[in-house]
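Keep in mind that what you see is a predicted model, and the values were worked out from it rather than measured. Residue numbers begin at 1 in each chain, while the letters A, B, ... track the order of the sequences.
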Amino acid sequence: MRNGRAYVFFGPSGSGKTTTTLMSAGDLVLSDDLLMIVRDGAGFAATSVPFRGLVTPGATTNSRYPLAGLFRLVQDDRDFLEDLGRPQAVGQIVQSLPFVTDRAESAPRILDVVSEMAFATPVKKLHFRKDPGFWRIVENVGGSAAEAP
Amino acid sequence: MEAPLRKHPDAASRNYDGEAFIVVPGKGEYNILNPIGTRVWDLIDGQRTVVEIARVISDEYAVAQEVAEADVRSFVDDLKKHQMLA
């Protein structure tokens with residue numbers, strides 16, 4: 001959480017989710033494990049769930065924070081953002097959804113919501129080194145809270 | 001006579017900018033098709049056979065029927081490998 005907006009870092013086990021949490025000292029961290037994204041007006045917002053990760057103490061807030069961006073983590077030797085085409089963005093998000101995609105009857109609805117989210121929110125691959133420097137390129141994505149609708 | 005092609009009943013797909021995104025629940029993977037693959041996917045409607053789909057591709061892309069049929073068969077084999085067809 002920075003400047004009233006949620007920056008969501010996602011990826012498979014080992015991609016660096018807990019690492020980005022540890023590199024975000026001073027920021028409110030909703031979770032380093034599971035996160036809930038809900039509709040919020042015309043856009044989407046992040047809120048916490050009761051489950052605990054390795055680092056975060058569990059839900060300490062019921063607040064919702066509008067999404068600034070969704071960042072698929074890729075560990076690299078330099079920090080940069082890689083644009084994703086719409087189908088790739090949807091695919092990366094769908095692959096990160098826990099268990100809900102196992103039910104065939106839910107798949108069409110899930111695709112509808114994820115498609116909407118990928119249209120409404122910047123989705124990028126974040127290549128990053130294991131230091132807080134990635135925040136320099138991430139925190140300008142999605143505008144500022146002052147510009148949020 | 002060949003049977004018409006059918007999509008897997010659990011497959012969910014959407015088209016974005018001319019590319020089909022397809023996911024089959026429980027498989028843990030998704031597939032993105034290029035524009036021609038997307039056109040073939042759209043033509044798989046439970047009514048058309050490989051030959052009939054190839055005829056459409058042959059007309060639309062100005063390629064010989066035999067070439068279109070070979071390419072469509074190869075593509076259909078890939079779809080079957082990824083369990084995207086019934």
Part of A/Glu105 lying under 4.5 Å from any heavy atom of chain B: neither
Under the side chain to side chain donor-acceptor pair (under 3.5 Å) rule, collect the residues that match up with A/Arg39, sequence neighbours excluded. A/Glu116
Within residues 3-13 of chain B, residues adjacent to chain A where the heavy-atom gap is under 4.5 Å: B/Asp10, B/Ala12, B/Ser13
Just to verify, which of A/Val113, A/Thr47, A/Leu70 counts as forming a side chain to side chain contact (heavy atoms under 4.5 Å, CB included) with A/Ile37? A/Leu70
Atom of A/Gly133, atom of A/Asp79 and distance for their closest heavy-atom approach: C-OD2, 3.5 Å
When every non-hydrogen atom of A/Leu81 is compared with those of A/Ile137, the smallest separation belongs to CD1-O, 3.6 Å
Quick check: A/Phe134 with A/Phe9 (ring centres under 6.0 Å apart)? yes
Indicate, with yes or no, if the rings of A/Trp135 and A/Phe71 have centres closer together than 6.0 Å. no
